[in-house]
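Computed from heavy atoms alone, side chains included, the values below leave out hydrogens, waters and symmetry copies. Lettering follows sequence order; numbering is per chain, from 1. Since the model is a prediction, treat every value here as computed from it, not as a measurement.
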Amino acid sequence: MPSYWLCKTEPSVYSIADLRRDGVTGWECIRNYQARNFMRDSMSPGDRVLIYHSNAEPTGVAGVAEVVGEARADPTQFDPKSEYHDPKSTRTAPRWMMRDLKFVECFTQVVELEELRAAAALQSMVALQKGNRLSVTPVTAAEFAAVLQLAKSSKGRKR
DNA sequence: GCCAACGTTGGC
DNA sequence: GCCAACGTTGGC
């Protein structure tokens, strides 16, 4: 049974279009222990991931990716020039782990935050809870299906 | 740019 | 272990 996730990204930094271009990318620069634990311990190859554009116009779910391979060390933690360099991390015991994500689908139109909040099926979705700032959150199978439905339905489109 | 709602750090 | 100060996230 695959699990489902939502990963946030700022599209001005890395968007669903960038993922489509790259095919597969290391989901780098996560520096929150809870998000790291989800990626390191709870994700499995084949899990589906909603790609969420934050700090964007529009903000919302822009497409779908898939987890490929096992967790591996985030290379940016070892790069002294990176703003994500972590001098306390070592290669033998890396602190920050990430997954590789593979492009699956780019929605024809972003399912906007307002639509997500209005959907009855998404009232309990972790990423939408008040005050939640985690960039990696679990999604139920039903919530995942509901977002895909919004992406495909006419209700999910403008005009 | 503002600011609410977090998470992290460090003194004690 | 407490908690004030500070930093970050992310919608608006």
### Summary
Separation of B:dG7 atom C1' from A:Arg36 atom CZ, nearest Å, is 14 Å

### Query
Between A:Lys88 and A:Arg133, which is nearer to the 5' end of DNA chain B once each is assigned its nearest nucleotide?
A:Arg133

### Query
Under 4.0 Å between a side-chain N/O of A:Lys130 and OP1 or OP2 of B:dA5, yes or no?
yes

### Query
Aromatic ring centroids of A:Trp96 and A:Tyr33 under 6.0 Å?
yes

### Exercise: do A:Tyr52 and A:Thr59 side chains pair donor with acceptor under 3.5 Å
yes

### Query
How long is the line joining CG of A:Leu116 and P of C:dG11, in whole Å?
11 Å

### Task
Can you tell me the distance, in whole Å, between the CH2 atom of A:Trp96 and the C1' atom of B:dT8?
10 Å

### Query
OP1 or OP2 of C:dT8 less than 4.0 angstrom from a side-chain nitrogen or oxygen of A:Tyr84, does that happen here?
no

### Query
Over how many whole Å does the gap from A:Leu113 atom CG to C:dG10 atom C1' extend?
10 Å

### Task
Check the angle between the aromatic planes of A:Tyr14 and A:Trp27 and answer parallel, tilted or perpendicular using the 30° and 60° thresholds.
perpendicular

#### Entry: Spacing between A:Glu57 atom CD and C:dG11 atom P, to the nearest angstrom
11 Å

### Message
Would you say A:Lys8 places a side-chain N or O within less than 4.0 Å of OP1 or OP2 belonging to C:dT9?
### Response
no

### Message
The side chain of A:Asn55 is closest to which nucleotide in this list: B:dT8, C:dT9, C:dG11?
### Response
C:dG11

### Task
Among A:Glu83, A:Arg31, A:Glu28, find the one that has a side-chain hydrogen bond (donor to acceptor under 3.5 Å, both in side chains) with A:Thr76.
A:Arg31

### Task
Starting from C1' on C:dG10, measure out to CD on A:Glu10 and report it in whole angstrom.
8 Å

### Task
Write down the distance between CD (A:Glu114) and C1' (C:dG11), rounded to a whole number of angstrom.
13 Å

### Query
A:Leu134 has an atom CG; how far is it from atom P of B:dA5, in whole Å?
17 Å

